[in-house]
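To start, the structure itself, in structure tokens.
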There are 6 protein chains.
Amino acid sequence: MNKVVKILVDALPYMQDYAKKIIVIKFGGHAMTSPQLAQDFARDVVLLKQCGINPVVVHGGGPQINEYLEKLHIKSEFIDGQRVTDLPTLLTAQMVLCGQINKQITQTIFNAGGQAMGLCGIDGQLVTVQKLTGKHDLGLVGEPTELNHEFFQFIINSPYIPVIAPIASDKQGQSYNVNADVMAGFIAGKGGAERLLMLSDVAGILNNNKELITELTSDRAKQLIKDGTINGGMIPKVDYCLNALQMGCRAAVVCDGRMEHVILLELLTKQGVGTLITQ
Amino acid sequence: MNKVVKILVDALPYMQDYAKKIIVIKFGGHAMTSPQLAQDFARDVVLLKQCGINPVVVHGGGPQINEYLEKLHIKSEFIDGQRVTDLPTLLTAQMVLCGQINKQITQTIFNAGGQAMGLCGIDGQLVTVQKLTGKHDLGLVGEPTELNHEFFQFIINSPYIPVIAPIASDKQGQSYNVNADVMAGFIAGKGGAERLLMLSDVAGILNNNKELITELTSDRAKQLIKDGTINGGMIPKVDYCLNALQMGCRAAVVCDGRMEHVILLELLTKQGVGTLITQ
Amino acid sequence: MNKVVKILVDALPYMQDYAKKIIVIKFGGHAMTSPQLAQDFARDVVLLKQCGINPVVVHGGGPQINEYLEKLHIKSEFIDGQRVTDLPTLLTAQMVLCGQINKQITQTIFNAGGQAMGLCGIDGQLVTVQKLTGKHDLGLVGEPTELNHEFFQFIINSPYIPVIAPIASDKQGQSYNVNADVMAGFIAGKGGAERLLMLSDVAGILNNNKELITELTSDRAKQLIKDGTINGGMIPKVDYCLNALQMGCRAAVVCDGRMEHVILLELLTKQGVGTLITQ
Amino acid sequence: MNKVVKILVDALPYMQDYAKKIIVIKFGGHAMTSPQLAQDFARDVVLLKQCGINPVVVHGGGPQINEYLEKLHIKSEFIDGQRVTDLPTLLTAQMVLCGQINKQITQTIFNAGGQAMGLCGIDGQLVTVQKLTGKHDLGLVGEPTELNHEFFQFIINSPYIPVIAPIASDKQGQSYNVNADVMAGFIAGKGGAERLLMLSDVAGILNNNKELITELTSDRAKQLIKDGTINGGMIPKVDYCLNALQMGCRAAVVCDGRMEHVILLELLTKQGVGTLITQ
Amino acid sequence: MNKVVKILVDALPYMQDYAKKIIVIKFGGHAMTSPQLAQDFARDVVLLKQCGINPVVVHGGGPQINEYLEKLHIKSEFIDGQRVTDLPTLLTAQMVLCGQINKQITQTIFNAGGQAMGLCGIDGQLVTVQKLTGKHDLGLVGEPTELNHEFFQFIINSPYIPVIAPIASDKQGQSYNVNADVMAGFIAGKGGAERLLMLSDVAGILNNNKELITELTSDRAKQLIKDGTINGGMIPKVDYCLNALQMGCRAAVVCDGRMEHVILLELLTKQGVGTLITQ
Amino acid sequence: MNKVVKILVDALPYMQDYAKKIIVIKFGGHAMTSPQLAQDFARDVVLLKQCGINPVVVHGGGPQINEYLEKLHIKSEFIDGQRVTDLPTLLTAQMVLCGQINKQITQTIFNAGGQAMGLCGIDGQLVTVQKLTGKHDLGLVGEPTELNHEFFQFIINSPYIPVIAPIASDKQGQSYNVNADVMAGFIAGKGGAERLLMLSDVAGILNNNKELITELTSDRAKQLIKDGTINGGMIPKVDYCLNALQMGCRAAVVCDGRMEHVILLELLTKQGVGTLITQ
């Protein structure tokens, strides 16, 4: 058989499985800074929407924020290695996230033939946050507490792909910066997503032999954290996934955003990529 | 780039162009008798529907009808080599078309993961015919005169793929057999289809060197008929296409139903296949 | 008072009681073979739809199938007097039921001023069956297991009267013949019909003095089967009615299809006809 | 055939012809004062609504108004034999029409199993009037000038049968009494009714031999007025019908409200009654 | 700040609180007989509807009924000081309420720029009553037993403000007069109103020092009845409010209908007026 | 009468006139930098939406952009006193407009009890621009050429107030800065707004005696430009208004954004403020 059509036809059962479902995609890291990967990403997302699937894009932007903090000579305080988000830092983050990256992704999706709306948690009060509490006071860092389901359904049921910057405000109207992984996980969980795709700069979760683990249950993931197999920066990422699952997301995937068209590979092909975490 | 995703992504602009449009597909000949090709066909049609395109299947069934006419010892009269459709012949055709082939295609589409409804021109009085007039009286052969737009929109806007047998009745309620190509062309024309795909047992329209002509205007097609380049059984087929264009179909394609997944190749890939006839 | 209007006005309370309700009518036997009775039947059904009631027609076709089995020299095996449905028998039944009788009823309804759609269990996968199990292997005889409620509502809420042939397929896509009474009872039961009308070639259920019993509870019906008052071919018919009631149909009527306009008499007049079986 | 069902079935084509159409019925005279006829009327109207037809009832109430004018010792001035409607007369008419007769008809329709809403021209500003101009100043007598199509469609498309009293106000908010025939004709005309039924206390329009004329064109009607065949109180009645036809009503019928179930006889039986006036 | 806009802006939170909610207003007494107050009332009601709130007007008309009873020389029997409603009394009440006052309020609302429909309990069988039972037989006085939720939602969701006269019928179709306060309370209760505003000719509920009590719980109200603080004609009024609360109304307000624009003052300003009774 | 309610009631006819209409408000200048005025503005806009009017906010942000250009040491080239928008300037403008000001206004509207969505021309491709052509090449300054009506209707018909930053892209996907007055005028014109409110830092258009002109026709406005009465920075502002009128906006108002609640004063009170320009 012709290779081209074989592939299309092979994708059909996947399209059908995901039809009308919500797929939350955390977009960031290398995938976002490479123009080619960003374009691939946009095409993937547009293809999903065209096939009757509902992608929701949540993006980060750490390096770009840092670049502007530097340009603006804003010096952040650090506690135990964690940056404290004071007001100038927050404003910079908000400008870069909502004003630059968010609109750029929206435009890239349009260039790929789709229709998108660039939003943040403040719009339609999509996500309400409270000040993150913890050992240290990290300033204006927010922890999501509510999803506005009415507004969420309004955008999901529209022909416009939502692109969401991780900025949101609390009940008093104060803006906060939110960790993009946290934002994505929260929306996937409360929004009842079929999948949360965490595009990261690693292949997925590795075992002690540095081999990719293709599938994990929640319990096994917790165990691997305990025994140190999952460690370093992967710990919080897996935690956000587990939280999403607990809130109502059906499965989460940690996958490699540096891989071309990783979204289609993961969702519409047999091979799959990265590590699938299920209940 | 990974080949698989490249192909999916390459298909996207085509999906977008055909989104919400009607594609009438004349299904018949070898494609229908080969179980593998029939299954490929079903998958193609389901994929189109999944991608937001509206396929309408019109099928024939000459050989199967002949088989039953023989089994039932029904001898038809012939005038100038054309079979006269008397009542026993019509009843046999109707049983084979509506009762056997039509439901088989419907089931095959279901097996491919889609949802279909097997209908004929009588259902919802979708197509009204009158007795075909001509040099000879060919009996109960009908010529379509009206499309019931209300019923047509009802099925197009439903999640069910219509599979239509070329049987219809006149205003007095008499059933007639209709040439499947004529039925497909009529529905494509009056229904304002974006494409009429004539799946046939040839590669398309050939020039004098037996090479495939990839694109033709209506005027050029008429000329090729006149100068004998288009000849034999291809003449009526092209005529039905031209009629469809005149009634409102945007373009017709004569293509090779024996080619695997010819529908996807034609609609969702750059290469295209067969001969495209445009206004 | 003028007789004509008295009758119309007397029908009003019945129309109101049945408004928006589903009435499943098993059509078959003599009523189907007499052109006059078939026309009466069609008018009755169209009148119901016009008055805001939702008729669903399920038809059989035993004699017509036998006629074609004979013409095609298909000899069936019999076990304990029950025909075994092998593949050629099934194909013949399917062609006759779906291709001939089904479309003829659809056309007759159109001639009576209504709009109908001829379907079978395969269309929209309306009814899924499994192979009937029992003492003997009767071949391709199906037992309904699922009603596709989404598709059922789609046709009930349309202006088109569904005419359903008792052919359906199992989850593997194999076609089966279904007893028409079983099919009607299943659809009435799972579809929550207000009435199941079993048009038969007898007056209804008779008592030991050969007098018509006008009303029966389920319990009383079971008792009459036990004590032999209900016997012979009436036993399975009553059983199908009882099954329908148990699945959710509100009441079933065994009535005489040979009586002109028996449907209107039963539903829209005081007299009623046949035997009403209630929970 | 059973007489009962024959009549029901004979009514079917008429039901289909009038389906979704508007039938404006001027209800008054003897039909309204006889409890039996009023009940018959209500049943007819409910039957129409049940069959998918849209009846609109407009009623008068002259005798009942006179009775109350007398009880209240209100003496009206007369000019050339025409009563002048002063304010006390208007208030009495409004109370009797809107408060007594209107609600009584509404209730009678409910008792007949239907659902109705009693309204007048003031409600939803359904009909706006201006002071009737002419040779004499007849006081608070109104001439309809506008139909509020939005409100009219709102009630027509509801399950509630509108019962309309001939009281309406002008743009300044002053109430006026309107001749009930005029009100019915105006609503039938502007509302695009299929039929205007003028229930009166005569058999219809008679020729010089006192025989009923069953059908008339507008032109012929005008001629009969000119030559005196149509005379006396029948002249304005015919004039209101002709106006209705000119404004957009398809046909008007002057018929005998004293005949039991005259509406069903006229609309749903072959015989028809009264005089049909067509364009 | 400019006073004008300050007031508008101050009203905003109240508008938002009441958005899409139902406000039942008992209109009567002095407010109804003063043309100026009636006009103010109409404007208030139109303003509410314009701001997305759903006012429902229920009106009385005792003095106007008495005036007509006198004019018509109808002498009523009295038992223990309570009038017995015989048939002539009922008919008079119905004519005055439904034919005069109801249409006048409807017109006044139209003059104020709104759209209204004048109805009574009979229309759409909005309210069904039974004969009021008690120590004495008071004749045709009704006690509401059922609200037709389907019809109620139909009018609430329309752009037309319902104006309801306290006349309704029982299941046999007999008309009854209903106390307007009872009617308002019943509709507010069963209709799930946010507020029941009892416009009366007193400032509200007074304490023993003749000072206005601004807020009361149900329990406290019952206590004040017991200890005689609430007495005379205020007792039944408070009882109707308590009944409304128990049936589902969120809060009731007894306020002074003689105060200009009392509805807006109560609903859209901080000050509030009258006595608020809550669960 | 109570002053409070008088004002509310006086506002009613204005609310009714503007019901369901679109009001485009150019928000900028002093009104935007004063927290109190910004809060007033938000309340006004929320009040409009609550009253069934459709406000669309378009904002500028010149001073804030300048502040950041300075902080980021971006030196712009100037031609004839006009700043040339190079890429770093554009990016800064976009970040400040879309990331800071836009979200801040969105939040302020939420704080005032409303629901808003912060967007720019890129979102849903609401506005498409082309490079502004003129005597000088001003770099990435865009001129609107198309309004996406489908997306515009989508947001207008939602419960969310659109807040639009004057950033848009061309057909190639390049971002451009757009003059906020131009953006507001274009949306008001193409969107068929009832009013374009240009909030500015002057009282309106003044005559030669420095007195406010309250109303002007288009022709008169052009004349005043010619004779120098309108001069300086007011010339382009009036030009944008005239363009809006020509494209389909019904009237434009140049008014004083420094006045508290100027929007309500202009729209919902008799006095009006500023200069009204009509066709």
Side-chain angles (χ1 to χ4, degrees), chain D residues 39 42 61 64 68 70-74 88 90-112 114-126 128 148 150-151 154-155 157-163 165 167-175, chain E residues 39 42 61 64-65 68 70-74 88 90-112 114-126 128 148 150-151 154-155 158-163 165 167-175:
Chain D
Q39 198 179 327
Q64 296 88 332
Y68 268 92
E70 213 165 286
K71 281 186 186 172
L72 290 160
H73 313 297
I74 297 170
L90 172 75
L91 277 177
T92 307
Q94 184 173 322
M95 286 200 309
V96 172
L97 289 169
C98 300
Q100 196 179 94
I101 299 173
N102 188 264
K103 298 309 175 191
Q104 192 176 326
I105 298 172
T106 300
Q107 182 63 48
T108 308
I109 289 175
F110 182 76
N111 292 348
Q115 296 190 289
M117 262 194 300
L119 303 167
C120 71
I122 293 169
D123 297 300
Q125 217 68 4
L126 176 64
T128 304
N148 181 345
E150 199 176 340
F151 184 68
F154 167 71
I155 51 178
N157 294 328
S158 83
Y160 308 101
I161 299 166
V163 178
I167 293 290
S169 60
D170 66 11
K171 302 210 168 197
Q172 284 69 48
Q174 171 61 49
S175 276
Chain E
Q39 198 179 325
Q64 295 90 333
I65 296 168
Y68 268 91
E70 212 166 285
K71 280 187 187 172
L72 289 161
H73 313 297
I74 296 169
L90 171 76
L91 278 177
T92 305
Q94 185 173 322
M95 285 201 309
V96 172
L97 289 168
C98 300
Q100 197 179 92
I101 298 173
N102 187 265
K103 299 309 176 190
Q104 192 177 324
I105 298 171
T106 301
Q107 181 64 49
T108 307
I109 289 175
F110 181 77
N111 293 349
Q115 296 191 289
M117 263 194 301
L119 303 167
C120 72
I122 294 171
D123 297 298
Q125 218 67 5
L126 176 63
T128 302
N148 182 344
E150 199 176 340
F151 184 68
F154 167 73
I155 50 178
S158 82
Y160 308 101
I161 298 165
V163 178
I167 292 290
S169 59
D170 66 11
K171 299 211 169 194
Q172 285 68 47
Q174 171 61 50
S175 277

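In what follows, chains are A, B, ... by sequence order, proteins preceding strands, each numbered from 1. Heavy-atom basis, side chains included; hydrogens, waters and symmetry copies ignored.
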Practice prompt. Identify which part of E/Q115 has an atom lying under 4.5 Å from any heavy atom of chain D, answering side chain, backbone, both or neither.
Written response: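 E/Q115 touches chain D through side-chain heavy atoms alone.
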
Item to complete: Considering only heavy atoms and a distance below 4.5 Å, find which of D/D123, D/L97, D/L72 pairs most often with chain E.
Response: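 Result: the option with the highest number of such pairs is D/D123.
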
Worksheet entry | Smallest separation among heavy atoms of D/C98 and E/G99, with atom names |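 Reported closest heavy-atom pair: CB-CA, 3.7 Å.
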
Worksheet entry | D/K103 to E/G118 - nearest heavy-atom pair and separation |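 Looks like NZ-O, 4.3 Å.
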
Heavy-atom pair count under 4.5 Å with chain D, highest-scoring of [options]:
options	value
E/N102, E/I161, E/T106	E/T106
E/K71, E/Q125, E/Q172, E/E150	E/Q125
E/T108, E/N148, E/L119	E/L119

Practice prompt. State, yes or no, whether a side-chain contact exists between E/Q94 and D/Q104 at a heavy-atom distance under 4.5 Å.
Written response: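 In short, these two side chains do not touch, never coming nearer than 4.5 Å.
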
Practice prompt. Hey, could you give me the CG/CD distance between E/D170 and D/Q107, rounded to the nearest 0.5 Å?
Written response: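 Taking CG in E/D170 and CD in D/Q107, the distance rounds to 8.0 Å.
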
Worksheet item: D/F154 vs E/Y160 aromatic rings, parallel, tilted or perpendicular, using cut-offs 30° and 60°?
Response: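 D/F154 and E/Y160: tilted rings.
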
